[in-house]
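Just so it is clear, the model here is predicted, and its values are computed rather than measured. No hydrogens, no waters, no symmetry mates; every other heavy atom, side chains included, goes into these values.
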Amino acid sequence: MQLRYTFRIEPGPGQRIALGRAFGCARVVYNDALRAREDARRDGLPFPKTGDLSKLLITEAKHRPERAWLSEVSAVVLQQSLRDLDTAYRNFFDGLKGKRPRMGAPRFKSKRDNRQAVRFTANARWSITPGGKLRLPKIGEVKVRWSRELPSTPSTVTVVKDAGGRYFASFVVESDGSEVLPGTTPEVGIDLGLTHFAVLSDGRKISAPRFFRRAENKLRKAQQNLARKARGSSNRKKAVVKVARAHARVTDARKDFHHKLSTTLIRENQAVHVEDLCVKGLARTRLAKSVHDAGWSAFVGMLEYKAARYGRTLTRVDRFFPSSQICSACGFKDGPKPLAVRDWTCQGCGTVHDRDVNAARTIKTEGSKVAAGQAETVNARGAQVRPVSVPAPRATRTPVRKKQEPTRSCQPTGWAQAGIPGL
């Protein structure tokens, strides 16, 4: 599998100018290619191929006065920009065909985007010097903050500038499978929540850090300070960077927490079972801010790739599984309960349960069945749940008829029919 390692880099003043030039050239080539394909689609012409666009927008464009500055950056950066556009179109068409979740059509890039990036492949002849610096073509040797060693020789490096003005180098390496951990026996079920970020089937409860809630006052002051600055001024640009860095600190703290917890769970357990929550639906409720602050999707994603990397098993239990209604001791289904009920007694065996711990244990039991292929997903009422809703064929659909309004008669009724004048 491919792994990505990201490190902070510290380019000098001249190198920042060179990187800004590379960001701008890659963005211009991307927008020119997108405009060429959109014009071809509007005029009914064939879809332009990448090779033709590369010859027209890069090779020939360098000899024109209005695009002569494209020769100041590495040609590999410009070629990779065209490949990024191909990937965006491929993802868009695959979404229309149902091969992946739907996403919008490619859009034009702006120099005011929060994130700017360029990618260097092996053809660009970039390298890591013996002194630990990153040598990039037409940019120079950039200082890198190494926090760990790369497991193998990287194939590509992507230089990223975020909204806070920080620069990162992201390396893609191939994993040779030597990091598989020795087998172990324990399994764990995880019940994700807001009061406690995770409740484990062994009874442990991990409190929710609530990084955004704790930094909300500082973020509010930084945002108010930004709102007071005049648009287009230098002070407003500085305030924008301060707000971006404040949000970046929250994001980094949350990501660090997710990484440490997911690594611990994967190392300690052979199998991890977690509930497949509908985060998009929960994010549309009044708890949206707390749901986004928890970051359940990012945490489960880390569990998934780390399980594949270290030879563990991750099982997702269906979201319709009534984990809070089933007794983990005897399997008796006790029915739905309000969220205010945190402890309950099973009517079948009399066991007193903590609501969250019992849910984690039932998720562990159901996850083991899913891994063995013996699970039957049922909803809260015990009915079988279909994994995907299949629409009926067009020929068999029942047409929906609009309710017709009752016709009003023009004949005189009531007092007028009797010949009595109205009051």
| said: Assess, by modelled atom type and distance only, whether the side chains of Thr184 and Glu268 contain a donor and an acceptor separated by less than 3.5 Å. | reply: no
Let me have the donor-acceptor pairs involving side chains of residues 225-250, under 3.5 Å, with sequence neighbours excluded, atom names and distances please.
| unit_1 | atom_1 | unit_2 | atom_2 | d |
| --- | --- | --- | --- | --- |
| Asn225 | OD1 | Lys229 | NZ | 2.5 |
| Lys229 | NZ | Asn225 | O | 3.3 |
| Ser233 | OG | Ala230 | O | 2.6 |
| Ser233 | OG | Arg236 | N | 3.3 |
| Arg236 | NH1 | Leu226 | O | 3.2 |
| Arg236 | NH1 | Lys229 | O | 3.4 |
| Arg245 | NE | Gly164 | O | 2.8 |
| Arg245 | NH2 | Gly164 | O | 3.3 |

| task | Kindly check if the number of other-residue, nucleotide or ligand heavy atoms within 6.0 Å of NZ (Lys62) is above 12? | result | yes
| query | Are the aromatic ring centres of Phe171 and Trp146 under 6.0 angstrom apart? | reply | yes
| said: Strictly by salt bridge (Lys or Arg N to Asp or Glu O under 4.0 Å), give each pair with a member in residues 95-113 just once, sequence neighbours left out. | reply: none
| said: Other residues, nucleotides and ligands only: do more than 12 of their heavy atoms fall within 6.0 Å of NZ on Lys133? | reply: no
| field | Main-chain N/O of Ser71 paired to Lys138 side chain as donor or acceptor, under 3.5 Å | value | yes
| message | Set out, in order, the CA-CA distance, both residues' side-chain angles and the distance that settles side chain to side chain contact (heavy atoms under 4.5 Å, CB included) for Arg148 and Tyr5, then state yes or no. | response | CA-CA 9 Å; Arg148 65 182 68 184; Tyr5 287 79; 3.4 Å; yes
| task | Kindly say whether Asp334 contributes a backbone atom to a donor-acceptor pair with the side chain of Gln347 at under 3.5 angstrom? | result | no
| task | Indicate yes or no for a side-chain donor-acceptor contact from Arg210 to the backbone of Asp293 under 3.5 Å, with no hydrogens or angles considered. | result | no
| message | Can you confirm whether Arg125 is buried at CZ, in the sense that more than 12 heavy atoms of other residues, nucleotides or ligands lie under 6.0 Å from that atom? | response | no
| query | Within 45° of the axis and under 6.0 Å from the centre of the six-membered ring of Tyr310, does NZ or CZ of Arg267 qualify? | reply | yes
| So His258 and Phe299, would you call those rings parallel, tilted or perpendicular, with 30° and 60° as cut-offs? | tilted
| query | Is any side-chain heavy atom of Phe120 closer than 4.5 Å to a side-chain heavy atom of Ile139? | reply | yes
| Asp39 and Arg35: salt bridge (Lys or Arg N to Asp or Glu O under 4.0 Å), yes or no, with the steps? | CA-CA 6 Å; Asp39 292 343; Arg35 185 178 296 106; 5.8 Å; no
| Between the side chains of Arg213 and Ser290, is a donor N or O closer than 3.5 angstrom to an acceptor N or O? | yes
| task | Taking atom types as modelled, find out whether His273 and Glu366 have a side-chain donor-acceptor pair closer than 3.5 angstrom. | result | no
| said: Does Ile206 form a side chain to side chain contact (heavy atoms under 4.5 Å, CB included) with Leu200? I'd like the steps, not just the answer. | reply: CA-CA 8 Å; Ile206 292 91; Leu200 309 183; 4.0 Å; yes
| Any donor-acceptor pair under 3.5 Å linking the side chain of Asp354 with the backbone of Val357? | yes
| query | Is the backbone N or O of Asn269 less than 3.5 Å from a side-chain atom of Arg312, with the two atoms forming a donor-acceptor pair by type? | reply | yes
| request: For the pair His353 and Cys346, evaluate side chain to side chain contact (heavy atoms under 4.5 Å, CB included) and give the outcome as yes or no after the intermediate values. | output: CA-CA 8 Å; His353 292 291; Cys346 177; 4.3 Å; yes
| task | Please answer whether the main-chain N or O of Ala359 pairs with a side-chain N or O of Ser323 as donor and acceptor at a distance below 3.5 Å. | result | no
| request: Ignoring hydrogens and angles, state whether a donor on the side chain of Arg119 or Thr156 is under 3.5 Å from an acceptor on the partner side chain. | output: no
| task | List in chain and number order the residues that pass side-chain hydrogen bond (donor to acceptor under 3.5 Å, both in side chains) with Ser127, two or more places apart in sequence or in another chain; answer none if no residue qualifies. | result | Arg135
| task | Ignoring hydrogens and angles, tell me if any N or O in the side chain of Ser54 forms a donor-acceptor pair with the backbone of Thr50 under 3.5 Å. | result | no
| field | Check against side chain to side chain contact (heavy atoms under 4.5 Å, CB included), Glu10 and Tyr167 | value | CA-CA 7 Å; Glu10 298 177 350; Tyr167 292 84; over 6 Å; no
| Is a donor on one side and an acceptor on the other found under 3.5 Å between the side chain of Ser368 and the backbone of Lys364? | yes
| Closest contact, heavy atoms only, Phe197 versus Pro209 | CB-CD, 4.5 Å
| said: Rounded at 0.5 Å granularity, tell me how far OG in Ser324 sits from CD in Glu275. | reply: 7.5 Å
| query | Do Asn217 and Arg220 have a side chain donor and acceptor closer than 3.5 Å? | reply | yes
| request: Flag the pair Val118 / Val73 as yes when at least one side-chain heavy-atom distance between them is below 4.5 Å, and no otherwise. | output: no
| message | Using a 3.5 Å distance criterion without hydrogens, assess whether the side chain of Arg115 forms a donor-acceptor pair with backbone atoms of Val160. | response | no
| Okay, side chain of Ser152, backbone of Glu174: is any donor-acceptor separation there less than 3.5 Å? | yes
